[in-house]
A.B. asks: 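Mind having a look at this structure? Questions to follow.
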Amino acid sequence: MRILVSNDDGWHAPGILALAEAMRELADVRVVAPDRNRSAASNSLTLSRPIRITDHGEGVYSAEGTPVDCVNLALNGLFDWTPDLVVSGINNGPNLGHDVVYSGTVAAAMEGRFHGVPAVAFSLAGFTGHYETAARISAEIIKRCIEYPLPEHSILNVNIPSVPYRQLQGREVTRLGSRHPSQNAIRQLDPRGEPIYWIGGIGEALDDAEGTDFHAIHSNRVSVTPLDVDMTHHHRVSMLDDWLPGSAA
Ligand code: MN
C-alpha cells in the first residue's frame with residue numbers, strides 16, 4: 001500500500017506532520033506539499049513558471065507551488081512510484097459546505113481523483129488544536145479504505161471535531177451544507193495613504209440542517225461527505241432547455 005500525502009497549509013504544518021505519522025503506520029508514505037501556506041488555493045495549477053522541488057529526506061518533499069501542483073507532479077513524473085491513495089490534510093480549520101470550492105485541501109484530493117486514485121481530505125473542524133483526535137480518525141478511515149477499497153474516482157471530505165477523542169459522538173455520512181456569503185472586506189490604508197483590502201471572514205452556516213456536515217460537526221460527530229466533481233445542476237438541464245431559445249431538446 002502506497003499513500004501520497006499533501007495539504008494546503010504547507011509541508012511543515014502540524015496537521016500534515018500528524019497525518020504523515022499516522023499514515024506511516026499503515027503504508028509506504030511520500031509527502032509532497034506546498035513550501036508555504038496555500039490555503040484557499042482551490043484547484044489552481046501553476047502554468048506561468050517552473051516549479052522547484054526540495055527533498056527534505058525520509059520521503060518528504062516541498063514544492064514552490066499549489067496543493068494541486070504537488071499532487072499533479074507527484075502522480076506525473078516526480079517519482080517512479082504510483083500511490084494507491086491520495087490523503088490530504090489535516091487542514092487547520094473546517095472545510096464544510098461551500099468551503100470545499102475554495103479549499104486547497106479538498107483540491108489536492110480532487111487532483112488524485114482525476115488521476116484515478118481514490119482520495120480523502122481531512123480537516124480539523126475547529127481551531128483548538130486537537131490534531132491527535134484527527135490523526136486517530138484519519139488512521140481509522142484509511143485503514144477502512146485499505147480493507148474495503150473505495151471505487152476509482154472516489155473523494156471523501158472528512159471533518160473532525162476539534163475535541164478530545166473520547167468526546168466524539170460517533171461518525172456520520174453527510175451531505176454538504178452551505179454558508180452565508182463572506183463578511184465585508186476590511187479596508188485599511190497603506191503607509192502612503194493608499195487603500196488596501198482584506199477579503200472578509202467566512203460566513204456563518206446557512207444550511208446546517210440534520211444530515212449536513214455542519215450539523216454533524218455541531219453535534220461533535222465526525223462528518224464524512226462523498227464528493228463528486230460533476231458540478232452539473234442535473235435537475236435544471238430540462239428547465240434550461242425550455243428557457244434557451246433554439247435549444248435542441
Ligand atoms: Mn488550509
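Residue numbers start at 1 and run along the sequence shown. Small disclaimer: the values here were computed from a predicted structure and weren't measured. Note that ligands are numbered from 1 as they come in the structure, with each ligand's atoms numbered from 1 the same way. Below, all heavy atoms of this structure are taken into account, side chains as well, without hydrogens, waters or symmetry copies.
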A.B. asks: Looking only at the side chains, is there a donor atom on one of His215 and Thr174 sitting less than 3.5 Å from an acceptor on the other?
C.D. replies: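 Result is no, nothing qualifies.
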A.B. asks: Roughly how far, to the nearest 0.5 Å, is the OG atom of Ser123 from the CG atom of Asn92?
C.D. replies: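 Here the rounded value is 9.5 Å.
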A.B. asks: Kindly assign one of parallel, tilted or perpendicular to the pair Phe214 and His218, based on the angle between their ring planes and the thresholds 30° and 60°.
C.D. replies: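 Rings of Phe214 and His218: tilted, as their planes differ by 30° to 60°.
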A.B. asks: Can you name the N, O or S atom of Asp8 that is closest to the Mn ion (ligand 1)?
C.D. replies: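 That would be atom OD1.
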A.B. asks: Ignoring hydrogens and geometry beyond distance, is a side-chain donor-acceptor pair present between Ser39 and Asp9 at under 3.5 Å?
C.D. replies: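 The answer is yes; a qualifying pair exists.
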A.B. asks: How wide is the angle at the Mn ion (ligand 1) spanned by Asn91 OD1 and Asp9 OD1, rounded to 10 degrees?
C.D. replies: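 OD1 of Asn91, the Mn ion (ligand 1) and OD1 of Asp9 span an angle of about 100°.
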A.B. asks: Check whether any N, O or S atom of Ser39, backbone or side chain, sits closer than 2.8 Å to the Mn ion (ligand 1).
C.D. replies: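 Within the cut-off used here (under 2.8 Å), Ser39 does place an N, O or S atom near the Mn ion (ligand 1).
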